[in-house]
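Below is one structure, written out as structure tokens; comments come after it.
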Protein chains: 2
Amino acid sequence: MAGHPTRIAHALRARIFAGEHPPGSRLAEIPLAEALGVSRTPIRLALAQLEAEGLVQASAGGGFLVRRFTLPEIEDAIAVRGQLEGMAARLVAEQGLSPATRQAMEASLAAGDAALEAPLLDAAALAAYGDMNSRLHAILLEAAGNDALSRALAAITALPFAAASALVPHEGSAAARHALLRHAHHQHHLLVEALVAGQGSRAEGLMREHAENARRNLRLILAAGEPGVSPLVTQA
Amino acid sequence: MAGHPTRIAHALRARIFAGEHPPGSRLAEIPLAEALGVSRTPIRLALAQLEAEGLVQASAGGGFLVRRFTLPEIEDAIAVRGQLEGMAARLVAEQGLSPATRQAMEASLAAGDAALEAPLLDAAALAAYGDMNSRLHAILLEAAGNDALSRALAAITALPFAAASALVPHEGSAAARHALLRHAHHQHHLLVEALVAGQGSRAEGLMREHAENARRNLRLILAAGEPGVSPLVTQA
DNA sequence: ATGTAACATATTGCATGCAATCCGGTCCTG
DNA sequence: CAGGACCGGATTGCATGCAATATGTTACAT
């Protein structure tokens with residue numbers, strides 16, 4: 001009933017992100033099985049899945065440990081994301097934007113404009129922007145039509161803070177956040193412009209810089225020592 | 001005794017590559033368990049691992065099927081590999097080549113020169129070149145020092161024919177093969193030259209073109225209809 | 001004859017049992 | 001008092017049992 005190990009993997013991810021399992025701690029099977037109401041077998045499957053994602057790592061003496069992420073590791077992952085999304089942008093520009101894709105992207109751009117219009121961003125506007133952001137990146141990836149690329153990006157995005165929309169809501173000052181989001185969304189506009197114009201190299205560069213943005217934001221957030229950012233990321 | 005599921009995954013990979021399990025066929029657990037002398041449990045773990053790699057896919061009604069690879073899919077994977085290895089080359093060039101890394105690379109270059117020196121390449125020379133090729137790519141990745149990048153590349157390389165050295169031994173005409181390898185190794189020389197000079201963009205472009213090479217070779221091989229290339233790849 | 005429905009078989013997926021192994025504590029010895 | 005070895009407990013990893021479900025076949029009705 002509680003079923004699919006993918007579902008269990010989701011639950012475990014949530015628990016880890018919530019800080020219930022600190023980095024370096026053992027993920028014992030029996031307590032997890034009891035907590036989730038299933039047997040040890042699907043738990044083990046889910047743990048193996050999370051290991052493939054890189055969220056946990058196998059311990060030397062058996063079992064799994066919550067992986068400890070350092071700031072440079074996350075930055076590296078973000079750079080890889082930029083490289084891969086840059087490739088997606090280049091491919092789309094080189095193939096030419098289909099009318100349907102262009103329409104979907106422009107709809108996302110408009111949604112982003114609307115979300116950022118207000119001088120003060122409430123939670124709803126932030127959520128709307130985050131949705132728009134995920135959608136736009138998904139449209140780009142879909143339009144690239146490269147399954148291997150999608151797989152590679154999915155693996156990267158599974159890591160905390162490497163995903164495109166992972167950094168949106170965690171910013172400190174509201175004004176600073178608004179400025180950052182406006183800048184990011186301006187890059188979205190430039191990207192679509194480049195895609196429409198068939199400028200592959202420019203589109204690729206824009207996506208790399210877009211990710212570089214995320215890297216800089218991450219540094220700012222951690223430097224500010226914001227509490228509860230993520231229990232998984234250690235400064236050094 | 002037969003133990004680790006990773007070992008079983010290796011065995012399954014070999015069986016699949018050998019054509020014992022044609023694309024689209026079910027991988028039934030019980031026969032595999034009997035054939036490998038273990039129980040169904042580690043078999044299942046290994047299958048999940050192969051699914052994460054993309055070599056098999058979960059069937060709708062349960063169980064796993066051998067994935068069918070089409071030529072465009074492999075080409076896409078090769079392109080992603082080029083993008084990622086291009087990133088590795090750029091990073092190394094930007095960081096500057098450490099003396100140890102430079103020495104290791106130049107040793108590999110010399111080994112490649114030696115392997116390709118003879119006008120006719122015997123099996124030993126081909127094996128030596130293949131080893132050198134893998135080593136050089138590994139050195140580059142290691143020098144890049146980006147774990148997320150290494151992971152992404154490992155996932156891509158696990159796919160058949162997407163790996164850097166997957167295409168070396170399968171060529172038809174000996175003379176044509178020699179020319180191809182010479183060209184590829186010339187690119188290796190140019191790459192190291194760019195790395196030494198700190199030319200990041202050039203190094204990246206060279207690695208992309210290097211992968212493009214592999215893509216072209218793959219097309220040639222499949223167009224020639226060479227038998228036994230791989231039972232996994234279907235023309236369309 | 002063809003499509004459908006019911007059945008028998010086989011296979012998956014999860015739960016649990018059991019041996020091997022690893023970790024922690026305590027006792028002994030120098 | 002310190003170091004090491006032995007021992008008890010707990011945990012992992014694999015094997016197997018069992019229920020649920022998908023698959024292929026056959027019989028039947030139209």
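All values reported here derive from a predicted model rather than from experimental measurement. Every chain is numbered from 1 and lettered A, B, ... according to where its sequence line falls, protein lines coming before strand lines.
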- Item | A/E204/A/R208 ion pair, N-O < 4.0 Å | yes
- Atom CG of B/D76 and atom CZ of B/R215: how far apart are they, to the nearest 0.5 Å? 9.5 Å
- Output the distance between atom CZ (B/R102) and atom CE (B/M105), rounded to the nearest 0.5 Å. 11.0 Å
Figure out the [atom1]/[atom2] separation between [X] and [N], and round it to whole Å.
| X | N | atom1 | atom2 | answer |
| --- | --- | --- | --- | --- |
| B/E29 | D/dT16 | CD | P | 14 Å |
| B/E34 | C/dT11 | CD | P | 10 Å |
| A/I30 | D/dT12 | CD1 | P | 6 Å |
| B/L32 | C/dG13 | CG | P | 13 Å |
| A/L65 | D/dT11 | CG | C1' | 13 Å |
| A/R44 | C/dG13 | CZ | C1' | 15 Å |

- Of B/F64 and A/S59, the one whose nearest nucleotide on DNA chain C sits closer to the 5' end is B/F64
Which listed nucleotide ([options]) is nearest to the side chain of [X]?
| X | options | answer |
| --- | --- | --- |
| B/T41 | D/dT12, C/dT16, D/dC14 | D/dC14 |
| B/S39 | D/dA15, D/dT12, C/dT11 | D/dA15 |
| B/P42 | C/dA15, D/dT12, D/dA15 | D/dA15 |

- Query: Does B/R40 make a side-chain N or O approach to OP1 or OP2 of D/dT16 shorter than 4.0 Å?
  - Reply: no
- Would you find more than 12 non-hydrogen atoms of other residues, nucleotides or ligands less than 6.0 Å from B/E212 atom CD? yes
- Query: Which part of the nucleic acid, if any, lies within reach of B/R26 when heavy atoms closer than 4.0 Å are counted: base, sugar-phosphate only, or nothing?
  - Reply: sugar-phosphate
- Message: Over all strands shown, is B/L45 touching base, sugar-phosphate only, or nothing at heavy-atom distances under 4.0 angstrom?
- Response: nothing
